[in-house]
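As structure tokens, the structure follows; a few thoughts come after it.
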Amino acid sequence: MMLMGISASAASTLFGGATMGPGYVVLESSTAVPFSGVRFDDASGTTFGDLATLSTDYNVTDDDCGGGSPRVQIQVDTDGDNVSNGNVFVAIGPSPSFTDCAAGWQSTGNLIGNNDAGRYDFGQFGGSAFTTYSNAPASVVNGTVLNISVVVDGSWSAAATNGDGEQTVWVDNTNI
């Protein structure tokens, strides 16, 4: 599924403080609205191991990356009951610190198969919280993807907000 200029549709849901901008989604985290995101619900039973493409364009417009935000969050069912057993977190920004995001529109490139140091967090499945794609636990590789979200929730992080308690990221061209 390629979402050019993401729009609200049956396949996507805005949550938290997310709003639509002109051709992109505005994700904000602040003391008033601690998180926001856009969730894509039509993974259609795809296993994590069968995902071939996962990318998005992003523009950090108010302050920086940091505190694990922004990120892609992949909800996975590992026991076949159609209920999430946890999330895989995929950090957006430059590895290995995931801070100092460049100004303007950037692309994550294809995150599937990406082995940048620390980009993947499999901690909710007993794996490492700071690792690479190739270190995914077998339960995750064989697990069913329930949905995929792009999330911002770094208002608590001085690194992400430069101390002002607000982080804003625009996202567009999400490709799953």
Side-chain angles (χ1 to χ4, degrees), residues 1-16 18 23-27 29 35-60 65-78 82 84-99 101-102 104-125 127-154 169-176:
M1 157 180 64
M2 176 68 162
L3 295 166
M4 299 295 293
I6 300 170
S7 61
S9 69
S12 65
T13 305
L14 302 180
F15 61 90
Y24 53 84
V25 174
V26 178
L27 303 179
S29 175
F35 65 91
S36 62
V38 57
R39 179 177 50 244
F40 305 96
D41 296 316
D42 58 351
S44 302
T46 302
T47 66
F48 181 86
D50 285 339
L51 287 174
T53 305
L54 177 59
S55 64
T56 195
D57 293 344
Y58 65 98
N59 184 351
V60 180
C65 297
S69 175
R71 69 177 172 278
V72 174
Q73 189 168 302
I74 306 168
Q75 195 173 70
V76 181
D77 168 22
T78 59
N82 290 320
S84 174
N85 296 98
N87 295 292
V88 173
F89 300 120
V90 188
I92 294 175
S95 173
S97 68
F98 306 102
T99 59
C101 281
W105 283 101
Q106 308 295 314
S107 177
T108 62
N110 190 3
L111 295 167
I112 299 302
N114 180 304
N115 280 313
D116 285 348
R119 184 150 323 264
Y120 278 80
D121 175 349
F122 297 108
Q124 292 187 2
F125 300 97
S128 174
F130 189 80
T131 191
T132 63
Y133 174 85
S134 62
N135 287 321
S139 64
V140 172
V141 171
N142 297 316
T144 302
V145 175
L146 299 177
N147 63 60
I148 297 174
S149 301
V150 180
V151 177
V152 169
D153 63 356
V169 180
W170 299 349
V171 294
D172 190 10
N173 297 325
T174 298
N175 188 355
I176 300 170

Using modelled atom types only, decide if a donor and an acceptor are shared between the side chain of [X] and the backbone of [Y] within a distance under 3.5 Å.
X    : Y    : answer
T108 : T56  : yes
D77  : G86  : no
R39  : V150 : no
N135 : T131 : no
Q73  : F89  : no
S149 : V151 : no

Minimum side-chain heavy-atom gap [X]-[Y] below 4.5 Å:
X    : Y    : answer
F122 : V140 : yes
S29  : S36  : no
F130 : Y120 : no
I74  : V90  : yes
V88  : V76  : yes
T47  : V145 : no
P96  : D116 : no

Aromatic contact, F48 with Y133 (centres under 6.0 Å): yes
Can you tell me which residue among L54, T53, I176 is in a side chain to side chain contact (heavy atoms under 4.5 Å, CB included) with I112? L54
Among S84, P137, S139, exactly one meets side chain to side chain contact (heavy atoms under 4.5 Å, CB included) together with T78. Which residue is that? S139
Any idea which heavy atoms bring [X] and [Y] closest together, and the distance?
X    : Y    : answer
T99  : P94  : O-CG, 3.0 Å
N110 : A52  : ND2-O, 3.0 Å
G109 : S55  : O-CB, 3.2 Å
A136 : V141 : CB-CG2, 3.7 Å
I92  : C65  : O-SG, 3.9 Å

From F40 atom CZ to L146 atom CG, the distance as rounded to the nearest 0.5 Å: 16.0 Å
Have S134 and N115 got a donor and an acceptor in their side chains that come within less than 3.5 Å? yes
Check D153 with R71, please: is the shortest side-chain N to carboxylate O separation under 4.0 Å? yes
The test is side chain to side chain contact (heavy atoms under 4.5 Å, CB included); show your working for Q75 and I148 and say whether it passes. CA-CA 6 Å; Q75 195 173 70; I148 297 174; over 6 Å; no
